> 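Just dropping this structure here.
In this text the structure is predicted, and so the values were computed from the model without any measurement. The analysis underlying the following values was restricted to heavy atoms, covering all of them including side chains, and did not include hydrogens, waters or symmetry mates. In what follows, chains are A, B, ... by sequence order, proteins preceding strands, each numbered from 1.
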2 protein chains.
Amino acid sequence: MIEKRQSIGNDASSRMTHAERTDLSDTLMFEAAVSLIVEKGTEKTTLKDVGETAGYSRGLAGYRFGSKGGLFNYVIKRIGDEWSQELRSVTEGKTGYEAIAASIDAHYQFCVDAPITRRAFYLLWFDAVSTTSDVRESMIRIHQRRHQDVVKWVQDGIDDGSVKDTVDAEAVAQLFLATVIGILYQWMLQPEAIDAVRQLHENLKQTMQVLLVAQP
Amino acid sequence: MIEKRQSIGNDASSRMTHAERTDLSDTLMFEAAVSLIVEKGTEKTTLKDVGETAGYSRGLAGYRFGSKGGLFNYVIKRIGDEWSQELRSVTEGKTGYEAIAASIDAHYQFCVDAPITRRAFYLLWFDAVSTTSDVRESMIRIHQRRHQDVVKWVQDGIDDGSVKDTVDAEAVAQLFLATVIGILYQWMLQPEAIDAVRQLHENLKQTMQVLLVAQP
DNA sequence: TTACACTTGTTCCAAGCAAGTAAATTTACT
DNA sequence: AGTAAATTTACTTGCTTGGAACAAGTGTAA
């Protein structure tokens, strides 16, 4: 159960600049939203709950984000950015199979740690399929960026000779991403089956190695 | 736009047995639900709309299925059964890679034909991730059945010698299903990118061949 | 005194339930 | 057997609750 924040006005809350106030309320509502989404699902998360859990009025979330979709879109963008950065730092300087393996390992680690933001992100991710809103557009853009990253890893691998030059970078990237999504689906549907998730990541790594790296 | 059925009472509607009446209303509401889910998404599909689109009162869908989740669960079960059968007939008598390739081809054909029931099914499929209801349980069971089928294909392939005996049937089945789900995600998110979907299916076939079939 | 952050009041609409009506099936009686 | 009353079942209508969305308000920083 998520507790309602008692008041924002503790200590240094008075005398804040406008920007600081919105930053604070944005963050508090973001955190409230993430908790509520993970606890009750997107359907049963209400704007009223988000506002009140964050310690504000029932109306603020709706006012700030315009709609439920607007809130979710904000949450996706915020987590997506954080996530892109982490992924980038993990694969920094790596190419080809090495980069892909690193990204798979990082992915698996996320499933093990199961940070609340990541779970919320994937919930919204799969939700995006059935909506027609901005959320969907944001998702498509995120996936496109991901795709470009993977293509680059593979292409760089081909260029530096660590990847077979017969490999179709686009094709492999697509297949890789599809599988990652499928694994995440499996994880979200049955988080308790972490063994299966671990094995899936291992198998994906092996498969990618077979597909990318020249055989002796 | 889905039109409201004008009256159920045309011609031979009077003098129906109780079972016939519920069968008819179940079917009409099922069809209405599928249309509405595909047209407006699961979120904006209302029980009221389902009842009225089927030609009944606003209340019937809620009365019959108990809740929105109950309706969706019914829809999933109904399409899932039909789908299992189709899949079974396509892979009838086939084993190993042959069965998997047939199932991939059938899958791609579904995406091309895009039957409305299939689209609704996958929408509910991805929705299941974020709910805690019966829908989720139904989904887990469907995936488990699917998994068992694939394991059997691979195992039979090992037994008859068409698949390398070093293959881990469980592992390959999991990876295969994950990838199929990922491909479906991609298709649902961007149905217009049918080329990408075709290529994904092709690549999956090739990959499965590499994984399963002994190299010369 | 203007602009912005936030709250409160209100409308609309869906979900879910309860109490109603109408149609079919069983039972009772001839 | 046939038919009328009683009962069960299919469906509808009325009502309550609660969220989304928007408008008009209050208070705080520029």
> Between the protein and nucleotides 3-10 of chain D, are there any N/O to N/O pairs under 3.5 Å, and if so, what are the atom names and distances?
unit_1, atom_1, unit_2, atom_2, d
dA10(D), O3', R21(B), NE, 3.4

> What are the residues of residues 36-46 of chain A, sorted by number, that bring a heavy atom to within less than 4.0 Å of DNA chain C?
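Contacts with DNA chain C under 4.0 Å: none.
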> With DNA chain D as reference, determine whether D49(A) or G59(A) sits nearer its 5' end, using the nearest nucleotide of each.
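Upstream on the strand: D49(A).
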> Using atom types as modelled, flag every donor-acceptor pair under 3.5 Å from a side chain in residues 70-78 of chain B to any protein atom, sequence neighbours excluded.
unit_1, atom_1, unit_2, atom_2, d
N73(B), OD1, S138(B), OG, 2.5
Y74(B), OH, R78(B), NH1, 2.6
R78(B), NH2, T27(B), OG1, 3.1

> Between side-chain atoms of residues 181-189 of chain B and protein atoms elsewhere (two or more places apart, or another chain), which donor-acceptor pairs fall under 3.5 Å?
unit_1, atom_1, unit_2, atom_2, d
Y185(B), OH, W125(A), O, 3.0
Y185(B), OH, W125(A), NE1, 3.1
Y185(B), OH, H143(A), NE2, 3.1

> Separation of M16(A) atom CE from dA5(C) atom C1', in whole Å?
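Rounding to the nearest Å, CE of M16(A) and C1' of dA5(C) are 10 Å apart.
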> Please report, rounded to the nearest Å, how far the P atom of dA21(D) is from the CG atom of L47(A).
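Roughly 6 Å, once rounded to whole Å.
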> How close or far is atom C1' of dG19(D) from atom CZ of R58(A), stated in whole angstroms?
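Going from R58(A) (CZ) to dG19(D) (C1'), I get 10 Å.
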> Can you pull the salt bridge (Lys or Arg N to Asp or Glu O under 4.0 Å) pairs that have at least one residue in residues 42-53 of chain A, sequence neighbours excluded?
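Every salt bridge (Lys or Arg N to Asp or Glu O under 4.0 Å) pair that includes a residue of residues 42-53 of chain A, provided the two are not neighbours, is K40(A)-D49(A).
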> For G96(B) and L212(B), work out which heavy atoms get closest and say how close.
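So the two residues come closest at C-CD1, 4.5 Å.
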> In whole angstroms, how far is the P atom of dC13(C) from the NZ atom of K68(A)?
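These atoms are roughly 18 Å apart.
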> Expressed in angstrom and rounded to an integer, what is the separation of K48(A) atom NZ from dT8(C) atom C1'?
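Answer to the nearest Å: 14 Å.
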> Crowded around E192(A) CD? As in, over 12 foreign heavy atoms under 6.0 Å?
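Buried by this count: over 12 neighbours within 6.0 Å.
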> Can I get a per-line list of side-chain donor-acceptor pairs under 3.5 Å for residues 171-179 of chain A, giving both atom names and the distance, sequence neighbours left out?
unit_1, atom_1, unit_2, atom_2, d
T179(A), OG1, L175(A), O, 2.9
T179(A), OG1, T179(B), OG1, 2.9

> Using a heavy-atom cut-off of under 4.0 Å over every strand shown, decide if G62(A) touches base, sugar-phosphate, or nothing.
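Here G62(A) touches no strand at all.
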> Using atom CG of D23(A) as one end and atom P of dC4(C) as the other, report the distance to the nearest whole Å.
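Spelled out: CG on D23(A) to P on dC4(C) is 16 Å.
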> May I have the distance from F65(B) (atom CZ) to dC17(C) (atom C1'), rounded to whole angstrom?
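That distance rounds to 17 Å.
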> Salt bridge (Lys or Arg N to Asp or Glu O under 4.0 Å): which pairs involve residues 90-101 of chain B, sequence neighbours left out?
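Sorted pair list comes back empty.
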> If you look only at pairs with a residue in residues 121-143 of chain B, which of them pass as a salt bridge (Lys or Arg N to Asp or Glu O under 4.0 Å), with sequence neighbours excluded?
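Found none.
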> Starting at CZ of F72(A) and ending at P of dA21(D), how long is that distance when rounded to a whole Å?
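In whole Å, dA21(D) P and F72(A) CZ are 10 Å from each other.
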> Scan residues 104-117 of chain B for pairs that pass salt bridge (Lys or Arg N to Asp or Glu O under 4.0 Å), counting only residues two or more places apart or in two chains.
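Passing the test, one end in residues 104-117 of chain B: D105(B)-K205(B).
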> Taking only the side-chain heavy atoms of S57(A) (C-beta and beyond), determine which of dT7(C), dA20(D), dG9(C) contains the nearest atom.
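Nearest to the side-chain atoms of S57(A), counting from C-beta on, is dT7(C).
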